[in-house]
Amino acid sequence: MRIEWLLALRFLREGRAQTFFMLGGVVMGVGVIVFLTSLITGLQRSIIEKTLGTQAHLVMRPPDDEARRIIKPDSSLAVSANIERRGQRLRSILQWQQTMRELEARPEVTAVSPLVSGPSFAVRGTATKSVALMGIDQERYTRIVPMSSYMKEGEFRISASNAAIGTDLARDLGASIGDKIRLQTADGRNETITVAGIFDVGVRDLNRRWVFITLRSAQNLLDLVGGVSSIDVTVRDLFKAELISERLAAQTGLTAESWMKTNAQLMVGLRSQNASSYLIQFFVILSVAFGIASVLIVSVIQKSREVGILRAMGCSRRRILRIFLLQGGMVGLVGSLFGCGVGALLVTFFAKTALNPDGTPIFPVVLELRMFLVAAGVATVTGIFSAAAPAVRAARLDPVAAIRNV
Amino acid sequence: MSDTTITTPVLQLTDVRKQYGSDGVTTHVLHGISLTLQQGEFTALIGPSGSGKSTLLNIIGLLEPPTEGSLVMQGYETGTMHEDGLTRLRGQSIGFVFQFHHLIPSFTALENVMMPLMLEQGRQTPLQRVRAAGLLERVGLAGRMDFKPGKLSGGQQQRVAIARALAANPPLILADEPTGNLDTAAADEIFKLLYEVNQESGTTFLVVTHDPRLAKRCSRIIELVDGRIVS
Ligand SMILES: Nc1ncnc2c1ncn2[C@@H]1O[C@H](COP(=O)(O)OP(=O)(O)OP(=O)(O)O)[C@@H](O)[C@H]1O
Ligand SMILES: [Mg+2]
């Protein structure tokens with residue numbers, strides 16, 4: 001064993017109480033950090049998962065053909081710029097097949113699905129409900145939103161006559177599997193479909209409004225023959241969605257909106273949660289560092305005689321420095337290993353006790369190896385850094401003074 | 001030098017002065033000490049309390065620099081050397097025996113004796129263990145090797161310190177009142193041990209002592225009074 005390690009270990013072992021206190025500080029600090037991190041990570045992940053359960057990562061729409069300035073050249077009046085959106089009529093993406101192929105070819109894109117959506121009424125008997133038509137290519141769409149996993153009754157099998165509706169709409173219309181529903185638009189187009197599946201996507205509003213039909217039916221009903229109203233896209237790294245959406249918008253000339261922009265409020269929430277968590281972690285680390293430093297300073301003073309003897313025996317200053325840095329590092333590393341264990345136990349216990357009425361955990365905790373490695377690394381580095389001041393002090397000790405003071 | 005020996009002296013001091021304090025109150029402790037120690041000499045350094053014996057020993061031991069004058073250790077002029085070089089030279093050339101043993105409490109007797117070797121080589125080796133055990137046997141502590149210093153008597157601790165000073169086989173051993181806090185019988189034995197080692201290995205000794213009885217047994221006596229050598 002290297003002499004530095006041997007001396008560091010012996011010094012730690014000799015100062016039992018001091019070592020215990022330092023370790024205790026690190027264990028508690030790392031425990032808190034692990035607990036906090038796994039809880040917040042789990043929480044955020046489940047929120048994002050829930051949010052993206054019914055959304056694509058980004059949605060491409062036709063460009064806004066707004067901003068047509070109406071300026072009369074000969075007008076002596078102040079120029080009035082009327083910025084108007086075009087009327088209610090649905091707009092279509094030009095050459096959407098071509099665009100889809102281009103999108104699909106990109107490495108960061110994992111799935112692409114065309115969508116024809118627009119308002120309509122669902123009529124059954126005397127009941128009439130306002131709904132949102134979702135004209136899809138079933139195979140493509142389910143790669144973006146896992147509809148099959150949301151089915152309560154029947155199947156998610158969309159064809160010319162078969163459609164899927166939400167649980168709330170089914171209740172409102174009193175419809176069940178096999179029942180017929182008439183879809184009717186404001187300009188009088190209509191089509192009759194059979195309910196083949198009833199879903200629950202976990203969002204009441206969508207359960208009440210979504211009606212899934214084929215692309216072709218939706219195109220007919222919404223007078224959008226041959227066109228689509230938007231293209232849904234999922235990407236490999238969902239946190240890059242905003243970046244990618246900007247890039248895709250620039251390249252295709254379409255508008256693109258990422259889930260991060262759609263759910264801006266949520267993102268702000270997650271970000272500020274992260275920020276406060278980092279702040280807490282920072283101060284926990286800082287107080288652990290102060291704890292280690294103050295204990296080690298005392299230990300250096302107590303060991304000044306030994307340090308003096310070692311120096312007299314030909315031990316260099318640098319080696320003395322390393323001996324005390326190592327002590328800090330070892331305390332950090334060993335403490336963090338125990339701390340990881342304590343934090344993991346704590347959070348597992350917490351997850352087991354805090355349950356929803358249906359027995360599922362309220363907080364889906366996430367325990368990842370990466371987090372433990374980071375915690376151990378941070379604690380070790382913190383240990384070394386907090387040992388810096390004591391170590392420098394030890395290295396600067398005057399051996400003569402240390403030997404004289406018996 | 002009028003000296004006719006071919007070997008370089010172990011130590012050569014020329015007009016060494018030491019003063020403490022720089023602003024206003026300066027204490028002059030050593031006033032021009034010139035001194036040569038040849039290989040194999042067993043020298044006693046005596047003098048009244050406060051005469052500068054420990055200060056001189058610390059300077060010779062490269063633990064603090066002289067204010068003025070030159071110190072040549074084994075042919076190396078130390079005045080121009082840096083901290084690292086001095087530390088290395090100290091580790092290689094000098095063994096210390098202090099009045100209060102100064103063993104490292106968390107290490108066993110054997111490990112304490114191994115310490116200079118471990119520091120020199122940077123790690124622990126089985127060979128060091130063999131050498132340290134041999135030395136402990138030599139000082140009569142074969143049965144106490146795995147004892148921590150706290151479990152040894154004052155005389156035994158001092159024997160461990162002597163074995164440790166010998167471990168790296170330095171040409172010069174400096175002892176500052178090695179028998180200072182031992183009773184007469186134990187002091188006699190320690191002194192005898194030092195003398196025997198000197199005879200066996202030819203190691204140069206410079207021993208500070210207050211005991212004229214012990215000093216008389218040395219081959220050479222240097223007396224220090226008020227920072228000057230008087231004989
Ligand atoms: N760091 C220092 N600062 C100021 N004065 C010092 C310092 N170290 C030693 N002295 C002074 O130097 C003088 C010599 O001290 P030193 O310890 O060398 O004496 P000594 O001969 O070893 O005495 P003793 O026999 O009592 O051990 C003393 O007057 C002491 O006060
Ligand atoms: Mg003294």
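Below, chains carry the letters A, B, ... as their sequence lines are ordered, and counting in each starts from 1.
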Please step through side chain to side chain contact (heavy atoms under 4.5 Å, CB included) for the pair A:L7 and B:M115, ending with a clear verdict. CA-CA 10 Å; A:L7 281 160; B:M115 191 56 73; 4.0 Å; yes
Could you give me the CA-CA distance, side-chain angles and deciding distance for B:I104 and A:L310, then say whether side chain to side chain contact (heavy atoms under 4.5 Å, CB included) is met? CA-CA 9 Å; B:I104 301 182; A:L310 287 170; 3.6 Å; yes
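Contact annotation: the side chain of B:M118 approaches that of A:L6 to within less than 4.5 Å [non-hydrogen atoms, C-beta and beyond]. Counting only heavy atoms from C-beta outward, the side chains of A:R317 and B:D84 never approach each other to under 4.5 Å. When side chains are defined from C-beta on, B:R164 counts as touching A:M313, because their heavy atoms get closer than 4.5 Å. Looking only at side-chain heavy atoms (C-beta outward), B:R88 and A:S316 stay at 4.5 Å or farther from each other.
A:I320 contributes atom CD1, which lies 9.5 Å from atom OG1 of B:T87 (distance to the nearest 0.5 angstrom).
Of the listed residues (A:P399, A:G308, A:C315), the one with the most heavy-atom contacts under 4.5 Å to chain B is A:C315. Considering only heavy-atom pairs separated by less than 4.5 Å from chain B, the leading option among A:R318, A:R2, A:K303 is A:R2.
The number of heavy-atom neighbours closer than 6.0 Å to CD of B:Q39, taken from other residues, nucleotides and ligands shown, is 12 or below. More than 12 non-hydrogen atoms from other residues, nucleotides or ligands lie less than 6.0 angstrom from CG of A:D398. Environment of OH in B:Y20: crowded, with over 12 heavy atoms of neighbouring residues, nucleotides or ligands closer than 6.0 Å. For B:L127, the CG atom sits in a loose shell: 12 or fewer heavy atoms of surrounding residues, nucleotides or ligands are nearer than 6.0 Å.
When heavy atoms are compared at a cutoff of 4.5 Å, B:E111 approaches chain A solely by way of its side chain, counted from C-beta outward. If you measure heavy-atom distances from B:Q121 to chain A, you find no contacts under 4.5 Å at all.
Closest non-hydrogen pair, B:F96 versus A:A312, comes out as CE1-O, 3.3 Å. Between B:G122 and A:R319 the shortest heavy-atom distance is CA-NH2, 3.6 Å. Considering all non-hydrogen atoms of both residues, A:R311 and B:R90 come closest at O-NH2, 2.7 Å. Counting all heavy atoms, side chain and backbone alike, B:L103 lies closest to A:R305 at O-NH2, 4.3 Å.
Residues of residues 9-44 of chain A lying within less than 4.5 angstrom of chain B, judged on heavy atoms, are A:R10, A:F11, A:E14 in numerical order.
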